[in-house]
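To keep things clear, I will list the structure first and then write my remarks on it.
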Amino acid sequence: MAKLTFSLCYLGFFFYFIMCSSYVHGKTWCLAQPEASEPQLQQVLDYLCGQIDCGEIQPGASCFDPDTVRKHASYAINMNYRTNGECDGSYAFFFLTDPSYGTCVYP
């Protein structure tokens, strides 16, 4: 039993190290929560685009399509995270996989 406990502790430490390494090296993104409502995300989007550059989600830009509130809000939320270090848990969450798609590259 002691050996099993030691192994689980070692495994937990390894997982913690990997997660912290990803965070430290900037391999996390802050995106809109799937549970967040579109009206809530529209409010967040309107507010954030008054604070940061949302040029990449404007018509004709690389992240405009698909033209959905959720995609545009996720881009703005992530830009705010990159710019100001904020990821508000009331409408956003940390994501460990690069959400970039097509010509849209998330910084």
Side-chain angles (χ1 to χ4, degrees):
M1 184 62 127
K3 190 170 190 161
L4 177 61
T5 303
F6 177 76
S7 296
L8 290 176
C9 288
Y10 182 77
L11 184 62
F13 176 78
F14 180 74
F15 180 74
Y16 176 78
F17 178 76
I18 295 298
M19 293 296 292
C20 289
S21 294
S22 294
Y23 182 76
V24 169
H25 294 295
K27 296 197 187 281
T28 56
W29 293 264
C30 182
L31 306 176
Q33 289 181 357
E35 301 83 25
S37 69
E38 285 206 13
Q40 180 186 24
L41 293 177
Q42 185 64 58
Q43 277 187 308
V44 169
L45 181 60
D46 293 342
Y47 172 76
L48 290 177
C49 287
Q51 308 296 315
I52 59 172
D53 179 19
C54 288
E56 290 301 313
I57 56 175
Q58 298 303 312
S62 66
C63 295
F64 179 73
D65 288 322
D67 181 15
T68 66
V69 171
R70 187 163 307 281
K71 283 288 190 182
H72 291 183
S74 284
Y75 188 87
I77 290 167
N78 188 64
M79 283 302 298
N80 184 55
Y81 171 59
R82 295 286 174 229
T83 304
N84 300 314
E86 299 169 2
C87 188
D88 188 329
S90 66
Y91 56 79
F93 73 111
F94 286 108
F95 201 67
L96 299 176
T97 306
D98 187 349
S100 299
Y101 57 92
T103 60
C104 181
V105 177
Y106 278 61

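Considering only residues two or more places apart in sequence or on other chains, Thr97 meets the side-chain hydrogen bond (donor to acceptor under 3.5 Å, both in side chains) condition with none of them. The ring pair (Phe, Tyr, Trp, His ring centres under 6.0 Å) test applied to Tyr101 returns no partner, not counting sequence neighbours. Among residues two or more places apart in sequence or in another chain, the ring pair (Phe, Tyr, Trp, His ring centres under 6.0 Å) test is passed with Tyr106 by Tyr75. Residues forming a side-chain hydrogen bond (donor to acceptor under 3.5 Å, both in side chains) with Gln42 (at least two apart in sequence, or on another chain): Asp46. With sequence neighbours left out, the ring pair (Phe, Tyr, Trp, His ring centres under 6.0 Å) criterion links Tyr47 to no other residue.
To the nearest 0.5 Å, the span separating CG on Asp88 from CG on Asn80 amounts to 9.5 Å. Interatomic distance, CG of Leu45 versus CD of Gln40, reported as 12.5 Å (0.5 Å rounding).
When atom types are taken as modelled, the side chain of Arg70 and the backbone of Ala36 share a donor-acceptor pair closer than 3.5 angstrom. At least one donor-acceptor pair closer than 3.5 Å links the side chain of Gln33 to the backbone N or O of Gly89.
Contact annotation: the side chain of Asp53 never approaches that of Thr83 to less than 4.5 Å [non-hydrogen atoms, C-beta and beyond]. Put simply, the side chain of Phe93 reaches to within 4.5 Å of the side chain of Leu31, judged on heavy atoms. The shortest distance between side-chain heavy atoms of Tyr81 and Thr28 falls below 4.5 Å.
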For residues 57-67, which side-chain donor-acceptor pairs fall under 3.5 Å, sequence neighbours excluded?
{"from": "Gln58", "atom 1": "NE2", "to": "Cys54", "atom 2": "O", "distance (Å)": "3.3"}
{"from": "Ser62", "atom 1": "OG", "to": "Glu56", "atom 2": "OE1", "distance (Å)": "2.4"}

